[in-house]
Amino acid sequence: MSLIISLLVITGIVWFLKINTADNKARKDAIQVEASIEKVNCKQRLKGDKSLVAVAYKGQVYYIFFKNEKDCNKYKENQKVTAYFSKTYNKLYLDL
């Protein structure tokens, strides 16, 4: 039983490091672009809820989640923002 738990823990750690490395690489090669805010939903009713901002860039909509409502409140619908886009990983960031 402890062997199974150990394998699950190791798998989780490797998976996290792999995702974190890919995210860091995507942020490094990101280019500065102009995008527009499509939808903003900052209300958090429960403790685990996240705020959502939908950003449109080149005909695609990217969803960006915020842990706290305060960061989300900076954005308004139809607002033009400076974003960062990684072509390699097809990811959009509002900040690096």
Side-chain angles (χ1 to χ4, degrees):
M1 185 67 159
S2 63
L3 178 64
I4 294 172
I5 293 173
S6 299
L7 287 174
L8 288 174
V9 169
I10 291 171
T11 304
I13 291 170
V14 169
W15 180 71
F16 172 77
L17 291 175
K18 187 176 182 180
I19 288 176
N20 195 32
T21 302
D23 190 57
N24 287 341
K25 285 181 183 177
R27 287 178 186 268
K28 283 182 182 177
D29 78 336
I31 58 170
Q32 188 172 343
V33 296
E34 186 166 311
S36 65
I37 304 295
E38 290 266 318
K39 181 181 179 183
V40 178
N41 186 6
C42 295
K43 289 189 178 182
Q44 296 178 344
R45 295 189 176 112
L46 301 173
K47 188 174 184 178
D49 286 353
K50 292 185 178 181
S51 300
L52 167 78
V53 175
V55 183
Y57 173 66
K58 284 194 173 181
Q60 284 190 300
V61 178
Y62 297 89
Y63 296 97
I64 299 172
F65 296 94
F66 293 95
K67 289 182 182 176
N68 58 27
E69 197 172 329
K70 183 180 174 184
D71 293 337
C72 178
N73 286 327
K74 293 188 281 187
Y75 303 102
K76 306 292 178 219
E77 288 186 16
N78 301 321
Q79 176 185 5
K80 298 286 184 191
V81 294
T82 299
Y84 303 92
F85 181 72
S86 172
K87 290 181 184 178
T88 309
Y89 295 93
N90 194 29
K91 287 190 173 191
L92 189 81
Y93 303 96
L94 289 175
D95 59 353
L96 293 176

For a quick test of reading the model, state the closest non-hydrogen atom pair linking [X] to [Y] and the distance between them.
X     : Y     : result
Lys87 : Ile31 : CE-CD1, 3.9 Å
Tyr62 : Tyr57 : CE1-O, 4.1 Å
Ala83 : Ala35 : CB-CB, 4.3 Å
Asp49 : Arg45 : OD2-N, 3.1 Å

Checklist entry - Would you say Tyr89 and Val33 are hydrophobically clustered, going by side-chain heavy atoms of ILVMFWY under 4.5 Å? => result no
Checklist entry - Can Leu3 be reached from Ile13 by stepping across I, L, V, M, F, W or Y side chains whose heavy atoms are under 4.5 Å apart? => result no
Checklist entry - Given the rule in the side chain to side chain contact (heavy atoms under 4.5 Å, CB included) test, do Leu94 and Tyr75 qualify, once you have shown the distances and angles that lead to the verdict? => result CA-CA 10 Å; Leu94 289 175; Tyr75 303 102; 3.7 Å; yes
Interatomic spacing from [atom1] in [X] to [atom2] in [Y] - rounded to 0.5 Å:
X     : Y     : atom1 : atom2 : answer
Leu92 : Gln60 : CG    : CD    : 9.5 Å
Lys91 : Asp29 : NZ    : CG    : 11.0 Å
Lys50 : Lys67 : NZ    : NZ    : 6.0 Å
Lys74 : Cys42 : NZ    : SG    : 11.0 Å

Next on the checklist: Side-chain heavy atoms under 4.5 Å apart, restricted to Ile/Leu/Val/Met/Phe/Trp/Tyr: what other residues fall into the cluster of Val61, or is it alone?
Outcome noted: Leu52, Tyr63, Phe65
Checklist entry - Got a sec: does the CG of Leu7 have more than 12 other heavy atoms crowding it under 6.0 Å? => result yes
Next on the checklist: Would the distance check show the side chain of Asp71 and the main-chain N or O of Asn68 forming a donor-acceptor pair, the cut-off being under 3.5 Å?
Outcome noted: no
